[in-house]
Each structure stands twice: as C-alpha cells, then as structure tokens.
Asker: 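The structure is given below, and queries will be raised subsequently.
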Amino acid sequence: MTNIQSPWRSDFPALSKTMNGKPLAFLDSAASAQKPQCVIDAMNDVLTGGYSNIHRGLYEISQNLTQSFEDVRKKIAQFIGAQSEKNIIFTRNATEGINLVAQSWGRAYLKAGDEIIITEMEHHANIVPWQILADQIGVVVKVVPVTGDGLLDLDAFQSLLSDKTKLVAFVEISNALGTINPVAGIVRMVRKYNADIKILVDGSQGVVHRAVDVTAMDVDFYVFTGHKLYAPSGIGVLYGKYDVLDSMPPYQGGGDMIERVSFKSGITYREAPYKFEAGTPAIVEVIGLGAAVDYLVDNSMDKIAAHEARLLEYATEAIQNVAGLTLHGTADLTQKAGILSFTMDNAHPSDIGMVLDQCGVAVRTGHHCAMPLMEMLGLNATARASLAMYSEQSDVDALINGLNKVNVLFG
Ligand SMILES: Cc1ncc(COP(=O)(O)O)c(C=O)c1O
C-alpha cells in the first residue's frame with residue numbers, strides 16, 4: 001500500500017489545526033497557500049526588531065532593511081532565471097502586474113485596431129485589464145479556444161496571429177483546470193510569425209509547481225503573486241525584459257519613483273524597476289517572499305514537482321472512482337499540475353463544498369475567476385481541489401471520503 005507523505009508538512013503550522021473538529025485537509029492552495037514557519041519568522045523578525053521605512057533613512061535599521069529588501073529582488077531574479085534584479089518589479093499581486101503592462105506599455109505603444117491574443121482559460125486578471133484597454137483605446141481582444149480536454153487549441157492560436165497582433169498573453173498553468181500550457185512551443189510559434197510581438201505569461205500557478213526560467217522561455221513579461229508561493233498576500237512580481245521596461249512610461253506617480261520633481265523644470269523619473277514602484281512598498285511582505293523563495297530553493301522545485309506529480313496521479317485515479325463525478329480538465333498527467341476541478345451529478349458545487357467543510361476538507365467552489373472557461377464548459381461552477389508541496393495522501397483520502405458522503409446525502 002502506498003502512503004504518499006510530504007517531507008515538508010511539519011514546516012507549515014496551520015496544517016496541524018482542525019476544522020469543524022476534524023483534522024484539516026487543506027486542498028485550496030491554488031487560491032492561496034499556507035505559509036511555512038520560516039516565512040512567518042522572517043516577517044516577525046522585521047516587525048519585532050528591525051522595522052523602518054526603506055530607501056530613505058540614513059540610520060542603521062533603515063539601511064539594513066533596505067539592503068534586505070533589495071537582496072530579495074536579487075533572489076527573485078535568480079529564482080526565475082531573470083538576467084538581473086533590474087528586471088524585477090514588485091507589485092501588489094499578479095493582477096497589478098498585468099494592469100501595469102496594459103496601462104503603461106499598452107497605452108504607450110498600442111492604437112485602435114491593434115490586436116491582443118489571450119485564451120479562453122485565462123483568469124479574469126488576464127482578461128479584464130485587456131478589455132479595459134479595449135474600451136479605452138480601441139484595441140481588439142482575440143481569444144484562443146480551449147478543447148474538450150482542457151487544452152489550448154494551438155492550430156486556432158496560430159490562425160489568430162496576424163499583422164495586427166501586438167501582444168499575446170496566456171496562462172502557464174490554468175488555475176481552473178490544472179492544464180500546463182506548452183509555453184516554449186507557443187513562444188516559438190509567435191516569435192517565428194513575428195519576433196516583434198510581445199509575449200506575457202501569467203505564471204501565478206506556474207511558478208508554484210515547477211522551476212521557471214524566464215530567460216530560456218524568452219518572454220517579454222512574466223507575472224506571479226506571492227500568496228500562492230507560500231509567501232504573504234500583498235506582494236507580487238512583474239518580470240520584464242529590460243529594454244522593454246526601459247521603454248515604458250511610469251504606471252503610477254508618487255514618492256520613490258522620481259529623480260527630481262520641480263514645478264519649474266518638470267519631473268524626471270528613476271530607471272526601471274524603480275520608476276514603476278511609486279510609494280512605500282510592501283516591505284514586510286517582500287521579506288516574507290524572500291524567505292519563501294529561500295525555502296523553495298533549499299527544498300528544490302524539482303523535488304516539490306515530483307512529489308506533487310505522484311500525489312496528482314493517486315488523486316486522479318481515486319477521484320474518478322467516485323460515483324457520478326465528472327473531472328474537468330483531462331489532459332494527460334504530464335500536462336497537468338495538481339489541480340482537480342470536478343462536478344457531481346447529484347450535488348451542486350456549493351453543496352459539495354459545504355459537506356466537505358464539515359469533514360475538515362477545504363476546497364474551492366465557484367467559477368474560479370474564469371467565467372469564460374466555465375461558459376465554454378457549460379457550467380456555472382465546479383468544485384476544485386488543489387495540491388501543494390505539503391499535501392499528502394491523507395488529504396486526498398479525506399476528500400474522497402467526503403465525496404462519498406456527498407453521494408450518500410444527495411444521491
Ligand atoms: C492563473 C492566475 N492568474 C492570476 C491570478 C490572480 O492572482 P492575484 O489575485 O493574487 O493577483 C490567479 C489567482 O487565483 C491565478 O490563479
């Protein structure tokens with residue numbers, strides 16, 4: 001008998017808690033992950049020992065914290081294979097990173113009639129900013145369809161490319177289906193068609209589940225969000241190729257992003273990435289993100305990916321044996337990350353979520369901020385169980401027991 005256990009489980013204090021009197025089986029990490037003790041400690045250390053604002057104080061605490069903050073920028077650059085820390089912009093989250101690109105690069109370089117290609121499996125964070133831009137300046141948003149298995153239709157993708165295409169923006173791993181998109185192949189296809197087309201990858205789920213190398217990917221922009229990467233909420237990252245960032249105007253104005261402000265001679269801005277970081281940043285959260293990245297590097301993204309793949313295989317087989325259950329997103333497991341989206345014949349996803357809650361099992365139910373995808377699937381909601389580095393067989397078994405209970409209650 002297998003018993004897949006996570007060697008990292010005990011690093012996450014929240015997982016030893018109970019929910020409704022049952023051991024917590026936390027299967028909602030695609031929404032937001034639990035935090036390891038080292039992240040909590042790193043943030044606590046700043047708050048209890050060395051807190052100040054950064055980039056401005058001449059005194060020791062401020063200088064030390066500024067150094068730690070900027071060290072995180074270097075760590076992130078190494079973690080995702082960026083050329084240098086100058087490619088790394090700290091944002092609030094992935095959503096803000098995409099809005100930054102839309103409003104800064106998009107408004108500076110696009111005009112009415114230019115085309116942006118996105119896909120039917122995008123999170124709203126990679127749809128709405130482009131729709132807003134379409135309303136503002138008349139760009140046209142084109143959408144790559146998704147097949148019944150939950151894969152991108154790559155032939156349709158190719159046929160949408162045209163002389164008017166200026167940007168393609170797509171998700172690395174679908175949060176709603178778990179599909180891993182063939183980023184390298186898509187980038188090759190787009191670059192071959194026209195090397196000037198900009199490419200943005202939404203790595204919010206991707207960076208969590210496997211090692212990322214943005215230089216090898218050859219993308220212009222890559223965004224992710226800290227809270228899914230075992231770091232706190234309120235911090236995200238936008239990577240950009242430096243010449244592209246350098247050519248973009250500031251997104252927001254304020255302190256810290258200027259060189260000089262004068263009513264007589266005008267304003268000059270700092271260079272990228274600083275010109276995109278107006279105002280006091282999320283200092284403590286950046287330190288937390290740095291601790292999370294150290295933790296992931298120490299434990300090896302490849303080992304984490306291998307553990308999750310093993311558990312996904314177990315979970316996929318087990319869940320498909322539950323009577324009346326339909327799995328959505330049935331790509332080959334080599335093209336799937338640890339996300340299981342499903343519906344049941346007898347019960348609405350909200351009912352499933354409520355029964356599971358009583359069993360101590362936390363899953364997400366709803367449209368997963370991917371309403372166009374739900375529309376394509378002919379659904380208004382699914383239940384979604386998602387795996388993380390700390391997930392183990394006991395969590396999956398608790399889920400399956402809970403789903404069998406749903407069948408007893410609603411069958
Ligand atoms: C694929 C994907 N993109 C973007 C986001 C948005 O992340 P945030 O709300 O942290 O900006 C999410 C969050 O669920 C996501 O899964």
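This one's a predicted model, so the numbers in the text were calculated from it and none came from an experiment. Ligands are counted one by one from 1 in listed order, and the atoms in each one are counted from 1 as well. Numbers for residues simply follow the sequence, beginning at 1. Worth knowing before you read on, the calculation uses all heavy atoms, side chains too, and leaves out hydrogens, waters and symmetry mates.
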Asker: Using distance alone, decide if ligand 1 has a nitrogen or oxygen within less than 3.5 Å of any nitrogen or oxygen in Ala125.
Answerer: no
Asker: Taking 4.0 angstrom as the limit and counting only heavy atoms of Asn175, give me the atoms of ligand 1 inside it, by number and element.
Answerer: 16 (O)
Asker: As an exercise, identify every atom of ligand 1 less than 4.0 angstrom from a heavy atom of Val171.
Answerer: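 Near Val171, meaning under 4.0 Å from one of its heavy atoms, ligand 1 has 1 (C).
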Asker: Establish, from distance only, whether the side-chain atoms of Gln63 and Thr66 form a donor-acceptor pair under 3.5 Å.
Answerer: no
Asker: Enumerate the atoms of ligand 1 whose separation from the nearest heavy atom of Lys228 is less than 4.0 angstrom.
Answerer: 12 (C), 13 (C), 14 (O), 15 (C), 16 (O)
Asker: Side-chain donor-acceptor pair under 3.5 Å between Ser174 and Gln205, yes or no?
Answerer: no
Asker: Identify the closest protein heavy atom to atom 16 (O) of ligand 1: which residue and atom is it, and at what distance?
Answerer: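 The protein heavy atom lying closest is Gln205 NE2, 2.8 Å.
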Asker: Check whether any side-chain heavy atom of Met217 lies under 4.5 Å from a side-chain heavy atom of Tyr222, and answer yes or no.
Answerer: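 Yes, their side chains come closer than 4.5 Å.
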Asker: Please write down residue, atom name and distance for the protein heavy atom closest to atom 3 (N) of ligand 1.
Answerer: Asp202 OD2, 2.6 Å
Asker: Considering heavy atoms of the protein only, find what lies nearest to atom 15 (C) of ligand 1 and give residue, atom and distance to 0.1 Å.
Answerer: His123 CD2, 3.4 Å
Asker: Find all atoms of ligand 1 within a distance of less than 4.0 Å from any non-hydrogen atom belonging to Thr95, and give their numbers and elements.
Answerer: 6 (C), 8 (P), 9 (O), 11 (O)
Asker: Please tell me whether Phe26 and Phe12 form a close aromatic pair, meaning their ring centres lie under 6.0 Å apart.
Answerer: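 They do not qualify: ring centres at least 6.0 Å apart.
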Asker: So, the side chain of Asn99 versus the backbone of Thr95: is there a donor-acceptor pair under 3.5 Å, distance only?
Answerer: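 Such a contact is found between Asn99 side chain and Thr95 backbone.
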Asker: Using a heavy-atom cut-off of under 4.0 Å, does the side chain or the backbone of His368 touch ligand 1, or both, or neither?
Answerer: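 Under 4.0 Å from ligand 1, His368 contributes no heavy atoms.
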Asker: Between Asn401 (side chain) and Ala398 (backbone), is there a donor-acceptor pair under 3.5 Å?
Answerer: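 Such a contact is absent between Asn401 side chain and Ala398 backbone.
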Asker: Is it the side chain (CB and beyond), the backbone, both or neither of Arg92 that lies under 4.0 Å from ligand 1, heavy atoms counted?
Answerer: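 No part of Arg92 is near ligand 1 at this cut-off.
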Asker: Check ligand 1 against Ser204 and write out every atom of the ligand that is under 4.0 Å from a heavy-atom position of the residue.
Answerer: 1 (C), 2 (C), 3 (N), 4 (C), 5 (C), 15 (C)
Asker: Quick check: Glu96 and ligand 1, any N/O pair under 3.5 Å apart?
Answerer: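 Among all N and O atoms of Glu96, none is under 3.5 Å from an N or O of ligand 1.
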Asker: Can you tell me how far NZ of Lys336 sits from CG of Leu327, rounded to the nearest 0.5 angstrom?
Answerer: 5.0 Å
Asker: How about Gln67 and Asp71: does a side-chain donor come under 3.5 Å of a side-chain acceptor?
Answerer: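 Result is yes, a qualifying pair exists.
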Asker: Kindly assign one of parallel, tilted or perpendicular to the pair Tyr230 and Tyr390, based on the angle between their ring planes and the thresholds 30° and 60°.
Answerer: perpendicular
Asker: Side chain, backbone, both or neither: which applies to Thr225 and ligand 1 if a contact is any heavy-atom pair less than 4.0 Å apart?
Answerer: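 For Thr225, the contact with ligand 1 is made by the side chain alone.
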